[in-house]
Amino acid sequence: MLLTLAVIIGIPFLIGGLALVIPRPWNGWLALLAPATVIALGLPLWMEVGGGGEILVPLSWFPDLGLTADLFVNRLGAFFVMLIGIIGLGIVQYSRYYLKEDATGWFWFLLLSFMGSMLGIVLADSLLLLFVFWELTTITSFLLIGIDFGKEEGRKGALQAFLVTGVGGLALLVGIVLLGQLAGTYNLTELYAMSGEIVADPRHTIPLILIFLGAFTKSAQFPFHFWLPGAMAAPAPISAYLHSATMVKAGVFLLGRMFPIFSEAAIWLPTLATIGLITFLVAGWNAVKSSDLKQLLAHSTVAYLGVLTALYGFYARVGLEGELVNILNHALYKSSLFLLIGWMEKAMGSRDLAILEKERWIGREKLGATLIGIGAFAMIGMPFLLGFMAKDTFFYAVAEGPIEGLTLALVITVLASTLAVIYALKLWAGVFFGSEEPPTGRGYPRNKISIWLLVVPALLLLPQVVGGVIPAWYLGQVVEPGTTWQGVAFWQYLDVKLVITLAMLVAGYFGYRHWRAIAATPFLSKLPSVQRGGEGLVSGTLAHASSLSRMLQLGGHPRYGSIILLVAIAVVIGGVAFSGRTLFDHGLVWGPNPEFAWFPALVVAIAAVFTVTLRKRIPKAVMMAVVGYGMAVFYVFFRAPDLALTQLLVETVSVILLLLIFRRMPELGDDIRSVRRRVVHGVVAVVVGLTMGALAWAAGSYHVAERAGYEQIRLALPIAEGRNVVNVILVDFRGMDTLGEIFVLGIAAFGAYALFRGRRHRPAGPEAEEVKR
Amino acid sequence: MRSYILLAAARALLPVTVLFAIYMLLRGHNEPGGGFIAGLVTTAAIIIEGLAFGVAHTVRRLGRILTAFLVIGLGLAVLAGLIAVAAGDPFLTNYHWHMPLPGDGYVHLSTTLIFDIGVYLAVIASTTVAIGVFAGGEEETP
């Protein structure tokens with residue numbers, strides 16, 4: 001089982017990596033393999049746990065810290081695996097034909113890494129593991145949204161999404177840690193078992209609010225909803241994937257994961273219901289105002305995410321019935337609509353309603369127009385579609401049983417649903433209404449557009465129809481096996497919900513007829529725009545960041561060096577002062593005392609004096625190297641050949657590095673510092689030098705019963721089978737540290753490379769100005 | 001200025017030094033040496049190559065390999081850790097094998113060796129890339 005789950009998470013990353021090196025037509029084919037494997041391995045999982053039950057796969061991570069990387073599959077997790085896999089397969093196939101030569105290795109790498117990260121989120125049992133994958137989706141989605149980084153729109157949208165979801169991610173981390181400290185475990189399965197205790201402790205509110213923040217930013221809930229429409233700069237398949245089945249659903253998924261722990265919490269229902277319904281209403285209103293159909297879809301996505309959030313609130317009252325149906329409904333129709341809008345842009349040459357509503361496209365593009373019509377109907381929740389069932393469970397959850405403020409919730413729901421009808425009809429209008437003959441030649445010619453651009457959305461809409469026509473079988477057997485689904489088809493609901501639906505449809509139709517007038521209502525259009533506020537927040541953050549760096553980045557190296565050294569020294573002196581002891585409690589003992597140690601010491605001291613006093617750069621560097629080589633001699637005395645070797649080599653390489661840099665720098669010339677600065681620099685140097693010297697001496701003369709090193713010397717051979725203890729420590733005992741270090745090395749080299757390249761190839765023209773800004 | 005002594009020496013120096021570095025790398029678990037030291041030795045050899053034949057020439061000849069080393073090195077180090085995860089142990093748990101040779105001897109293989117090779121490659125790559133960055137852009141040694 002571990003292998004299955006590891007392959008599900010790992011294969012997208014693996015194939016993504018391969019796609020970087022495999023040339024173009026082949027990497028697209030290869031990319032198909034990732035979601036196909038996920039589906040093939042996910043299906044048995046779904047069969048096993050779809051009706052209930054769970055699989056827990058223990059996997060140790062840092063056992064000493066009590067951290068695990070346990071994986072966990074239950075109904076919700078397996079459902080998401082299938083969703084990510086199936087929609088992913090559609091997206092990959094669509095991308096191959098939509099992006100054509102733009103589908104580079106980099107694109108596949110990002111898309112598949114994103115897929116793998118999502119799968120990691122839905123399969124993690126340890127909340128910290130979940131968080132790692134959560135942040136991975138933040139990073140990969142940032143790069144995906146901004147994949148067209150030549151366009152300012154793309155960069156801006158990506159940055160907005162990144163800042164909002166990134167801040168939310170930090171909140172989530174704090175929330176997870178607090179929850180973990182509160183409960184004593186980071187594992188979901190263990191947290192589920194103790195949900196009663198957690199909720200009984202009043203301190204659970206703070207972690208819960210922080211986790212909510214994480215979920216709300218990711219799922220673009222009010223007031224964080226502004227990033228999602230901005231993220232629409234990405235090409236159609238990316239938008240379709242991120243905003244239907246994956247990225248934004250991660251927030252909803254997190255709520256689903258938290259539900260068993262916190263559903264009894266006092267703030268659970270009110271918070272989720274309020275935020276969710278407000279989002280539903282506000283985003284619905286924005287969608288009604290949009291003329292760009294892709295923006296309309298973006299806002300409607302936010303609206304539906306509001307519905308899903310509110311539903312998790314109401315589930316605390318009515319139980320989890322309809323959980324998966326609603327998620328599935330949205331994923332199916334929204335992904336296919338995004339893909340169809342992508343097709344529309346190519347086939348009709350526009351996605352602007354102001355143009356499209358005058359033209360009668362149904363005559364020419366029968367299949368595409370019909371599919372968009374079905375998608376829009378699913379959005380409204382018309383009968384014979386899965387959307388109907390989903391909407392019904394939503395109304396049921398809102399209207400069932402008394403809660404405080406129920407009437408208000410119901411009113412908002414009806415109002416927002418009416419808005420949904422309006423914007424769905426606007427989508428319809430783009431293809432079905434209008435009287436003019438559509439122009440030819442505005443889009444691509446038909447033979448240039450692959451039929452896959454329609455086949456993929458059609459296949460994704462198919463379950464919508466199946467689910468609507470035979471709901472009892474479909475929902476009971478396929479979507480939620482093991483449950484008996486109440487209600488067979490739409491005509492059974494001759495109750496208040498039907499009345500609501502009819503009222504909503506009629507109001508929506510009239511609303512649609514006058515949507516421009518409604519959108520322009522003076523009172524409503526003057527409402528303070530959160531959109532603008534959000535954008536202001538993001539640009540304000542950036543401005544603040546740059547002013548802060550200007551504040552800190554004043555002055556040259558002497559200042560930075562002094563600050564860093566003095567802080568380090570202050571920590572040392574402070575530490576010693578507070579410990580209540582002195583450095584020389586153990587007397588002034590000189591360690592191993594070779595008679596001839598004075599000689600290298602003298603050489604080091606003389607070279608140090610020359611390093612300071614010489615007025616040419618290159619001799620300075622050479623003298624500094626002499627200091628270093630002298631140090632190496634001491635390592636030999638202390639019988640540390642590894643250290644000596646390393647010291648010699650580092651010294652050699654850094655001298656060469658310094659010489660290379662100095663070739664580019666002007667001669668030093670005379671010392672032009674003022675006397676005051678010289679004194680300050682001198683004092684800093686002397687204080688730092690004396691403190692470090694005293695510290696080194698004290699460390700050498702400090703004898704404890706058993707030094708930390710003895711343990712490692714003793715264990716090196718029996719455990720690590722190595723006689724060179726230094727190497728054993730590096731590669732085995734402290735392997736994690738070494739791993740971190742070589743990554744730092746790599747990043748540093750990368751940084752130097754990027755900085756230098758940036759200086760040489762600074763782009764010219766207006767683009768350069770923008771980059772600098 | 002072109003030094004023929006340096007040129008002649010450099011031609012022979014790189015392979016010999018790299019061989020020595022690999023020797024240092026392999027014996028590192030028991031004797032002084034190891035990936036970090038071996039990496040620095042190799043870097044020194046590459047620098048001599050650069051000084052003798054010109055940085056541009058060296059970058060042209062070795063640049064691609066060296067940048068690839070960075071990825072391969074980091075990848076190997078992570079891989080060495082992941083082997084343990086695949087076997088169900090914590091990340092970076094190490095395993096040792098003694099592969100018997102004809103006669104009495106054996107070869108000591110371990111995941112730490114993979115890790116150390118990763119360190120070796122990453123060190124070469126990052127130091128030479130940093131140095132190449134500072135050395136580059138200058139006119140080639142004639």
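So you know, we letter chains A, B, ... as the sequences are listed, proteins then strands, and number each from 1. Source: prediction; values computed, not measured.
The line from CG of B:L70 to CD1 of A:I742 is 9.0 Å long, rounded to the nearest 0.5 Å. Once rounded to the nearest 0.5 Å, the distance linking CG of A:D732 with NE2 of B:H29 reads 6.0 Å.
Residue B:L40 comes nearest to A:T646 through the heavy atom pair CD1-O, 4.2 Å, listed as atom of the first residue, atom of the second, then distance. Minimum heavy-atom separation, B:P32 to A:D642: CA-OD2, 3.4 Å. In this structure, B:N30 and A:R723 approach most closely via the heavy-atom pair OD1-N, 2.8 Å.
Both the backbone and the side chain of A:V650 come within less than 4.5 Å of a heavy atom in chain B. Both the backbone and the side chain of B:V78 have a heavy atom closer than 4.5 Å to some heavy atom of chain A. For B:I37, the parts lying near chain A are the backbone and the side chain together; criterion is any non-hydrogen pair under 4.5 Å. Interface remark: B:V119 contributes backbone and side-chain atoms alike to the contact with chain A (heavy atom separation under 4.5 Å). Residue A:L59 touches chain B through its side chain alone, counting heavy-atom pairs closer than 4.5 Å.
Between chain B and the residues A:T738, A:L2, A:L717, the largest count of heavy-atom pairs under 4.5 Å involves A:T738. Counting heavy-atom pairs closer than 4.5 Å to chain B, the top residue among A:L659, A:L648, A:L3, A:L739 is A:L739. Contact tally against chain B (heavy-atom pairs below 4.5 Å) for A:L730, A:I747, A:V653, A:T652: the top residue is A:V653.
Remark: of the listed residues B:T43, B:T42, B:V41, B:V41 is the sole one forming a side-chain contact (heavy atoms from CB on, under 4.5 Å) with A:L649.
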